Amino acid sequence: MGSTSAENSNNGSAGVGRRDLIKRSAALGLISVPTMSFLSACASSGGDDNGDKAKAGKKTAKNPLAVNDTAQMEFVLFDGGFGKEYAEDAVKIYEKNFPKATVKFSATQKIQSTLQPRFNQGTPPDLIDNSGAEQMDMGVLVGKNQLADLTPLLDAPSYDDPNKKVRDTLRPGIVEMGQFDGDPVWIMYYAYTVYGVWYSQKALDSLDEQYPQTWDQMLAVCEKAKKKGMAGWTYAGKYPYYLPFSLYPMIGKVGGREVLDAIDNLEPNAWKNPAVKACFDAYYELYKKGYVLKGTPGLDHIQSQTAWAQGKALFIPNGSWVENESANVIPKDFDLAVSAPTGIDSSDKMPFGTIWASGGEPFIVPAKAKNTAGGMEQLRIMLSEASSKNFTAKVKSLTAYNGGTDGITLTPGLKSGVAALEKAGDNVVNPRIQDWYVQLQKEQIGVAGLGEMMAGRLTPAEAIKKIQGFADAAAKDSSIKHYKHQ
């Protein structure tokens with residue numbers, strides 16, 4: 001969230017990113033699926049060929065993508081936790097650079113229901129921030145050839161330095177995240193999201209505790225908090241696919257990267273790995289011991305974040321968009337911090353500090369857009385140092401641009417996120433299941449599996465069996481394009 005992505009802002013990232021989230025159906029606890037109509041709609045490859053594409057403009061040093069300087073460029077942004085001001089600012093630069101062009105800019109939380117008909121008709125916008133609860137399924141879009149390859153953008157001179165390609169200005173892993181099979185890059189993740197366990201350093205200090213590194217320490221901290229009238233944890237109970245923001249990197253820490261890769265690859269029995277069981281058991285123990293804020297399964301992301309900001313719970317799994325999204329409820333002396341997830345014990349395969357950080361807020365240029373060069377040029381502008389700094393200063397999140405923090409006073413959460421990345425070093429994991437299989441990740445693993453377990457309606461063993469069944473069904477489903485780590 002993805003953004004990724006589960007979130008409401010992606011602010012990733014993903015994009016989970018990202019929110020106005022869909023309500024669960026009463027009977028099954030599953031999210032209602034406009035997704036499925038998109039799957040079937042896209043399966044037809046969507047609409048007639050767009051015969052009136054903008055003609056190429058003149059390629060120059062200032063216009064390396066040969067944008068037609070009189071053609072309209074349409075940009076649809078997800079209106080989530082990052083807001084729209086950063087994008088509007090970047091649009092103004094596009095308009096200044098191409099004064100004869102018109103830019104049609106809009107922001108919505110309903111990406112899929114707004115844009116699905118236009119994909120079907122072959123008339124999509126030129127640039128889309130494909131995020132939020134109504135995120136279009138990336139795997140389907142790629143599998144049905146709906147997206148333009150962004151390699152021309154990546155190989156173009158960067159906005160600030162003509163001697164450096166755009167790809168050479170990006171954070172590690174950003175290009176690879178946009179790939180599915182082979183070399184083409186289908187997605188530009190603009191935000192850089194740090195996922196993990198978020199908390200108030202002030203609240204932790206009031207307990208005279210450090211952030212726990214082992215699960216026994218975690219339980220001890222939660223017990224101390226409980227005695228002071230504070231729950232140990234809360235989470236977005238209505239959208240429990242937020243739980244993996246701390247659970248997945250914990251699984252990687254305990255069992256190694258290969259366990260997460262096997263899950264991403266939909267390998268048989270991947271969910272039956274002992275590391276998965278150990279981590280599910282650990283989280284279930286939070287429920288069993290009464291360390292989860294009462295009523296959490298009925299809370300959405302905003303309600304859970306508000307309760308946490310009000311000091312009703314100590315820890316919450318989330319992404320770095322939470323600082324901006326909850327800015328109106330986080331007290332000034334909260335001292336927001338994020339940590340990599342707690343592990344089990346010293347037998348874990350990876351060290352404490354292992355964290356999930358990756359691109360969020362996925363931007364795409366549709367293959368049938370009228371002005372693909374214009375869409376890519378808008379992204380090139382956004383990946384400049386100035387636009388990156390503007391984004392970071394306004395929404396308290398890093399971007400894909402590798403830098404852009406010089407001269408900016410970092411907010412507490414952002415400063416903590418940067419420190420967490422430094423501590424992690426090479427021990428950064430990036431589960432791809434939320435990009436590759438959106439429905440499986442959100443509705444099945446998240447809501448029907450983890451959500452039911454944390455509400456006490458499934459044991460860890462039952463949840464694992466159920467989730468493995470979902471993964472096996474996805475692996476056998478010939479209508480789904482499958483992806484694997486290379």
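This structure is a prediction, so every number in the text was calculated from the model and none was measured.
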[X] side, atom [atom1]; [Y] side, atom [atom2] - distance, nearest 0.5 Å:
{"X": "I433", "Y": "I263", "atom1": "CD1", "atom2": "CD1", "result": "7.0 Å"}
{"X": "Q303", "Y": "T234", "atom1": "CD", "atom2": "OG1", "result": "10.0 Å"}
{"X": "E452", "Y": "K466", "atom1": "CD", "atom2": "NZ", "result": "5.5 Å"}
{"X": "I364", "Y": "Q146", "atom1": "CD1", "atom2": "CD", "result": "9.0 Å"}
{"X": "S106", "Y": "K84", "atom1": "OG", "atom2": "NZ", "result": "9.0 Å"}
{"X": "W233", "Y": "Y291", "atom1": "CH2", "atom2": "OH", "result": "13.5 Å"}

Is the backbone of [Y] close enough, under 3.5 Å, to the side chain of [X] for a donor and an acceptor to pair up by distance?
{"X": "S416", "Y": "P412", "result": "no"}
{"X": "T296", "Y": "L293", "result": "yes"}
{"X": "K224", "Y": "L207", "result": "yes"}
{"X": "R118", "Y": "T123", "result": "yes"}
{"X": "N273", "Y": "A275", "result": "yes"}
{"X": "K289", "Y": "C222", "result": "no"}
{"X": "E209", "Y": "V221", "result": "no"}
{"X": "R257", "Y": "G252", "result": "no"}
{"X": "S206", "Y": "A203", "result": "yes"}
{"X": "N130", "Y": "Q135", "result": "no"}

Is there a side-chain contact between [X] and [Y], using heavy atoms and a 4.5 Å cut-off?
{"X": "L266", "Y": "L440", "result": "yes"}
{"X": "I330", "Y": "V322", "result": "no"}
{"X": "P297", "Y": "Y287", "result": "no"}
{"X": "Y189", "Y": "D435", "result": "yes"}
{"X": "V276", "Y": "I467", "result": "no"}
{"X": "V447", "Y": "Y241", "result": "yes"}
{"X": "Q305", "Y": "V329", "result": "no"}
{"X": "N402", "Y": "P172", "result": "yes"}

Stepwise, does the side chain to side chain donor-acceptor pair (under 3.5 Å) test hold for D216 with T214? CA-CA 6 Å; D216 282 346; T214 69; 5.6 Å; no
Using the side chain to side chain contact (heavy atoms under 4.5 Å, CB included) rule, take Q439 and I480 through it: C-alpha gap first, then chi angles, then the decisive distance, then the call. CA-CA 11 Å; Q439 186 186 357; I480 298 174; over 6 Å; no
Could I get the full list of side-chain hydrogen bond (donor to acceptor under 3.5 Å, both in side chains) partners for K415, not counting sequence neighbours?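 K415 satisfies side-chain hydrogen bond (donor to acceptor under 3.5 Å, both in side chains) with no residue once adjacent residues are dropped.
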Quick one, Q217 with T342, criterion side chain to side chain donor-acceptor pair (under 3.5 Å). Give me CA distance, side-chain angles, the key distance, then yes/no. CA-CA 9 Å; Q217 291 170 357; T342 303; over 6 Å; no
Should we count [atom1] of [X] as having more than 12 external heavy atoms under 6.0 Å?
{"X": "N328", "atom1": "CG", "result": "yes"}
{"X": "K202", "atom1": "NZ", "result": "no"}
{"X": "E223", "atom1": "CD", "result": "yes"}

Are D348 and K253 ion-paired here, with the side-chain N under 4.0 Å from a carboxylate O?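 A salt bridge links D348 with K253.
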Pair K277 + D281: basic N to acidic O under 4.0 Å: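 Between D281 and K277 there is a salt bridge, with a charged N closer than 4.0 Å to a carboxylate O.
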Could you label the plane-to-plane angle of the [X] and [Y] rings as parallel, tilted or perpendicular, counting under 30° as parallel and over 60° as perpendicular?
{"X": "F363", "Y": "Y190", "result": "perpendicular"}
{"X": "F391", "Y": "Y86", "result": "perpendicular"}
{"X": "W356", "Y": "Y195", "result": "tilted"}

Restricting to non-hydrogen atoms, name the atom on [X] and the atom on [Y] that form the minimum distance, rounded to 0.1 Å.
{"X": "L286", "Y": "L219", "answer": "CD2-CD2, 4.2 Å"}
{"X": "P331", "Y": "A309", "answer": "CD-O, 3.5 Å"}
{"X": "K484", "Y": "W436", "answer": "C-CH2, 3.6 Å"}
{"X": "Y437", "Y": "H482", "answer": "OH-CA, 3.2 Å"}
{"X": "E74", "Y": "V76", "answer": "OE2-CG2, 4.0 Å"}
{"X": "S246", "Y": "P317", "answer": "OG-CB, 3.3 Å"}

Would Q441 and Y248 count as a side chain to side chain donor-acceptor pair (under 3.5 Å) here? Give the steps. CA-CA 12 Å; Q441 162 67 11; Y248 283 176; 2.7 Å; yes
If you take the centroid of each ring, where Trp contributes its six-membered ring, are W308 and F334 closer together than 6.0 Å?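 Yes, the ring centres sit under 6.0 Å apart.
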Evaluate the side chain to side chain contact (heavy atoms under 4.5 Å, CB included) criterion for residues N324 and T411: first the C-alpha distance (whole Å), next the side-chain angles of each, then the deciding distance (0.1 Å), finally the verdict. CA-CA 10 Å; N324 192 58; T411 53; over 6 Å; no
Please determine whether side chain to side chain contact (heavy atoms under 4.5 Å, CB included) holds for the pair I316 and S304, giving the CA-CA distance in whole Å, both sets of side-chain angles, and the decisive distance to 0.1 Å. CA-CA 8 Å; I316 191 169; S304 60; 4.0 Å; yes
Quick one: side-chain contact (heavy atoms from CB on, under 4.5 Å) partners of P184, sequence neighbours excluded?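 Testing P184 for side-chain contact (heavy atoms from CB on, under 4.5 Å), a comparison that skips the adjacent residues, returns D149, W186.
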Checking side chain to side chain contact (heavy atoms under 4.5 Å, CB included) for the pair E323/V395: CA distance, chi angles, key distance, verdict? CA-CA 8 Å; E323 183 168 26; V395 308; over 6 Å; no
Going through the distances and angles, do Q468 and D472 end up as a side chain to side chain donor-acceptor pair (under 3.5 Å)? CA-CA 6 Å; Q468 185 64 62; D472 291 342; 2.9 Å; yes
Test F315 against every option in Y283, Y211, Y235, F245 by the ring-ring contact (aromatic ring centres under 6.0 Å, His included) rule and name the one that passes.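 Of the listed residues Y283, Y211, Y235, F245, the ring-ring contact (aromatic ring centres under 6.0 Å, His included) partner of F315 is Y211.
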